[in-house]
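Since the structure comes first, as structure tokens, the remarks are kept for the end.
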Amino acid sequence: MRYADIVLPVPLPKLFTYEVPNEYHGTLAAGQRVVVSFGKKKLLSGIIFSLHNNKPEAYETKPIISILDDKPIVTLSQLKVWEWMADYYQCTLGEVYKAALPSGLKLESETRIFYNDEFEAETEMPEKTQQILDFLAAKKYSTISEINQFSGLKSCHHIIKQLIELDAVVVNEQLKGSWRPKTEVFLSLHNNVRNENSLRDAFDSLSRAPKQLEVLMLFLQSTGGVSEAMTGKEVLKKELASKAVNSSTAINELIKKEMLVQVKRNVDRLLTSKIENVQKVKTLSPEQDSALQETLKGFDENLPVLLHGVTSSGKTEIYIHLIDQAIKKGQQALYLLPEIALTTQITNRLKAHFGEKLGIYHSKFSDDQRVEVYNNLLNNKSYRVILGVRSSVFLPFSNLGLIIIDEEHENSFKQFDPAPRYHARDVALVLGQGFKSSVLLGTATPSIESYYNVQNNKYRLVELTTRFEGMMMPEIIVVNTREAQRKKMMQSHFSPQLLEHISEALSNKQQVILFQNRRGFAPFMECMSCGWIPKCKHCDVSLTYHKHIHQLICHYCGYSSNVHATCQACESPTLNLKGFGTQKIEEEIGQIFPDASIARMDYDTTRSRKGYENIISGFEQGEYNILVGTQMVTKGLDFDRVSLVGILNADQMLNHPDFRAFEKSFQMMAQVSGRAGRKHKRGTVIIQTSDPEHPVIAKVRSNNYAAFYQEQIEEREQFNYPPFYRIIHLTIKHKNQNVTNQAANYLAGLLRSVFGSRILGPQVPPVNRIQDHHLQRIMIKYERKASPSQVKKLIRDCINQTLANERWKYVQIVNDVDPL
DNA sequence: AGCACGCCGACT
DNA sequence: GTCGGCGTGCTC
């Protein structure tokens, strides 16, 4: 095989053919990583997709520069999933590759500019050039982006080019960013002193070096005693060093005197905490046990099972039993959770059961740690279970027997940007087919699509209707805010009933959760005189005010701006903070209950690595009385002292212009209500709304999922929405608004000639400009029974025909399959 | 997506 | 006259 087709991390819809150097003939396989040169100078790592002997006719091939692995790091079954994804989600293999591997396994070159020491200037050069040269001379070498940053230039290309011509600098491409094993230094007793006599002599010889003596004693203590130390037991150097002040010189002296020896060893980054005693799997309640048996029956029929269990019904225990069984059969298990539900609570619980068999794959982990999880699984080391977020469907499983998708209804399983815009639940089902794994979808509030699959006998349904350990479903009180407003009884966002219940809970030393879904209601500034609102320079959105840094930030492109004292339009000093976010609620509730301690959980307070866990554990331990939060508070948290949950504004969710708004509202309200109540004490939920008779609220109140589903499914059928129809969104982007509009109209016309009334739009999406690109959107709704691949091919043809047109060949068209 | 090339307007 | 911004094309 003399040629290799290689997947490269570029969004181009093809593979690239490189020549295999002679010495590698017959030694390569699909899935191995190679380094190749791409374009004029770039070095990239890519994945061998296939090997063949077809010499390309149209171009000269470049050779593969080097081979990074002796054996494939992407398995054949992974490559199959990649291919399926690229096809189903209409993206390129390169985009899948980018998403699939942790960046530590993807190498890319970086241009380094080296200063030439022998250089002597013959003529004077411009000031800027001289500055950059001085900068390089001081640093020896630097990168383009560093120089740009230093010089404040948008591009330093011209200057560098000049310097190259003058021989003042040389450039060089350097591969960077590769993962390296972590090493730590261990100490053990030197062979010379591993008997009592010589050890005694050693002690004697240290009589005038008290510090070294102290350290040696500490070392012996750390090994667990002299006899242990004699066997060569090792102690972490940094741990020993931390036991005495200024001990590092003493340690190094002892090494020099050949009393201690040090060795560097590769250590696992993930085995930081010691594994506690592995817990036995708990016995299940009768309800749980029969649910487990039902689930197994479904698995026997080779059907995915939808486990519909009310909140706090103990689904996790069932999962643990299933995982345990899979491991006993020698299989692997994958437990998928949405990002925000992957808390220490659940991690600790699983760790207690599965110990070092458990691997965790999470975006808050460093990239090095993710590489280690990847390698652990690839080399079949310790992991048998992976608890992870959406991207863990990309891990190199070899014998996946069980997949659990918990909180199956969660939208965050769908990746929105960048491509691949995949839904982890749907990819997991495909993954499961490949391995013939058992698949379990768990939730208290199934998505309409999944429940429909139950009705159609594509999934088996298992229900858990009772809460764990005698917990009762909460009492739900609906408060009419319109009426309260009319009677002028609303105190800002709080109804008298809600305030009454809060103060009652507080005086009973119980905790309160206040839920505010702030979607579209983030705090922003507005001029009270002229109505001017600070907007993003590059996007069609108002800037969001962030109190902690006192800045305005664009949530779409990250643009930030200082807060000005005066209005930029009319110059009057009347800029006011507007909006109804969690921060506002936090402040106001603090004024009403000055003695309560309040925590806030939202995008801002949980961005840092520890922020999220601090808030949760603080609330758990009763440091806070009230927790104010966005949808984050609804996910998989079990608190023991929460007696009251307040939903501040249900209307906001219900009035969203989206066909899934009711579904999302029901799920959100049901989930957040599930946080109320403790063992043997019924919790209370207060829902504030201006429309207490709203059918969705009625179903939440009666906890009647089936009725809710019935209503929704009829609506979906009537208006041709999923699950009866499939949806594809095409977003057309261009810097010039006219070009965007024309291209969108042309494309929509083409599509209509093929699909007729299945085409909607083009329409301007709610946010019509992002990063200086104007947007238009076309929606394609087509019957579920139509062949998706056929439909997608026809759509591709229309897109290609549009892009072939000279006038809009620079238009970007983004494909979102099954959008949410 | 990145990156280089080259065209063209802005300032010395 | 040069500098540097941005539009255009190419990547095995």
Side-chain angles (χ1 to χ4, degrees), chain A residues 1-21 28 34-65 86 91-99 103 106-113 123-132 143-145 147-148 151-165 171-177 417-421 538 557 733-736 738-739 770-773 803-815:
Chain A
M1 303 288 192
R2 290 164 41 229
Y3 297 95
D5 286 352
I6 294 175
V7 186
L8 291 173
V10 287
L12 297 169
K14 55 184 166 188
L15 298 169
F16 291 84
T17 308
Y18 286 81
E19 209 173 315
V20 179
L28 300 185
V34 294
V35 176
V36 294
S37 125
F38 186 69
K40 286 237 155 87
K41 57 177 200 180
K42 215 84 186 136
L43 299 178
L44 293 175
S45 72
I47 304 287
I48 301 179
F49 191 77
S50 61
L51 293 150
H52 57 83
N53 277 322
N54 313 323
K55 182 180 166 64
E57 295 299 331
Y59 49 85
E60 279 295 306
T61 49
K62 287 186 187 175
I64 289 173
I65 292 173
C91 64
T92 71
L93 276 171
E95 286 166 328
V96 181
Y97 163 50
K98 275 194 184 176
S103 34
K106 291 173 299 203
L107 311 184
E108 197 174 329
S109 70
E110 177 182 74
T111 310
R112 288 190 183 165
I113 297 117
T123 54
E124 210 168 299
M125 46 184 97
E127 198 192 321
K128 208 85 198 171
T129 316
Q130 187 63 52
Q131 275 177 13
I132 289 177
T143 64
I144 302 262
S145 61
I147 295 170
N148 281 340
S151 62
L153 291 169
K154 263 201 168 171
S155 146
C156 59
H157 262 95
H158 264 93
I159 293 176
I160 300 298
K161 215 169 149 187
Q162 277 175 6
L163 290 172
I164 294 169
E165 273 161 28
V171 294
N172 187 343
E173 287 290 306
Q174 208 89 33
L175 276 181
K176 57 147 195 182
D417 210 40
R421 299 179 171 77
H538 310 287
C557 73
K733 299 190 189 179
H734 194 270
K735 283 200 170 175
N736 181 317
N738 284 331
V739 175
I770 294 177
Q771 288 183 38
D772 291 322
H773 286 256
L803 296 178
N805 195 312
E806 196 60 31
R807 278 185 297 166
W808 27 78
K809 62 178 170 183
Y810 296 114
V811 165
Q812 287 176 58
I813 298 175
V814 173
N815 213 317

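First the proteins, then the strands, lettered A, B, ... as listed; each starts at 1.
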side-chain contact (heavy atoms from CB on, under 4.5 Å) evaluation trace for Met1(A) with Leu28(A): CA-CA 9 Å; Met1(A) 303 288 192; Leu28(A) 300 185; over 6 Å; no

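Contact annotation for Ser109(A): no contact, since no heavy-atom pair falls under 4.0 Å across all strands. Using a 4.0 Å heavy-atom distance criterion, Ile6(A) is classed as making no nucleic acid contact. Within 4.0 Å of Phe38(A), counting heavy atoms only, lies at least one base atom of the nucleic acid. Contacts of Glu60(A) with the nucleic acid, taken as non-hydrogen atoms under 4.0 Å apart, involve only primed sugar atoms and P, OP1 or OP2.
One distance of note links CD of Gln174(A) with OG of Ser109(A); it measures 9.0 Å at 0.5 Å rounding. Here the CD1-CG distance, from Ile813(A) to Leu803(A), works out to 4.5 Å after rounding to the nearest 0.5 Å.
Atom CG in Asp5(A) sits about 14 Å away from atom P in dC12(C), given to the nearest Å. What separates CG of Leu8(A) from P of dC3(B) is a distance of 14 Å, to the nearest Å. Distance Lys809(A) NZ to dT8(C) P: 8 Å, rounded to the nearest Å. Put simply, CG on Leu93(A) is 16 Å from C1' on dA1(B), counting in whole angstrom units. One interatomic measurement links the two molecules: CG of Asn53(A) to P of dC12(C), which rounds to 21 Å at whole-angstrom precision. Across the protein-nucleic acid pair, Ile813(A) atom CD1 and dA1(B) atom P stand 13 Å apart, rounded to whole Å. For Asp772(A) and dC6(C), the CG to P distance is 10 Å, given to the nearest whole Å. When the P atom of dA1(B) is taken as reference, atom CD of Glu95(A) falls 8 Å away, rounded to whole Å.
With distances taken from any side-chain atom of Lys735(A) to the nucleotides dC12(C), dG7(C), dT11(C), the minimum falls on dG7(C).
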Can you give each donor-acceptor pair under 3.5 Å made by side-chain atoms of residues 6-14 of chain A, sequence neighbours left out, with the distance rounded to 0.1 Å?
none

Report, one line per pair, each donor and acceptor closer than 3.5 Å where one atom sits in a side chain of residues 54-61 of chain A; sequence neighbours left out.
{"from": "Tyr59(A)", "atom 1": "OH", "to": "Thr17(A)", "atom 2": "OG1", "distance (Å)": "3.4"}
{"from": "Thr61(A)", "atom 1": "OG1", "to": "Glu19(A)", "atom 2": "OE1", "distance (Å)": "3.0"}

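Ring geometry for Phe38(A) against Phe16(A) counts as perpendicular: the plane angle is over 60°, on a 0 to 90° scale with 30° as the lower cut.
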Polar atom pairs (N or O), protein with nucleotides 4-7 of chain B, under 3.5 Å:
{"from": "dA4(B)", "atom 1": "OP1", "to": "Lys41(A)", "atom 2": "NZ", "distance (Å)": "3.1"}
{"from": "dA4(B)", "atom 1": "OP2", "to": "His157(A)", "atom 2": "NE2", "distance (Å)": "2.8"}

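When only modelled atom types and interatomic distance are considered, Thr111(A) and Glu173(A) share a side-chain donor-acceptor pair under 3.5 Å.
At least one side-chain nitrogen or oxygen of Lys42(A) sits closer than 4.0 Å to the OP1 or OP2 atom of dC3(B).
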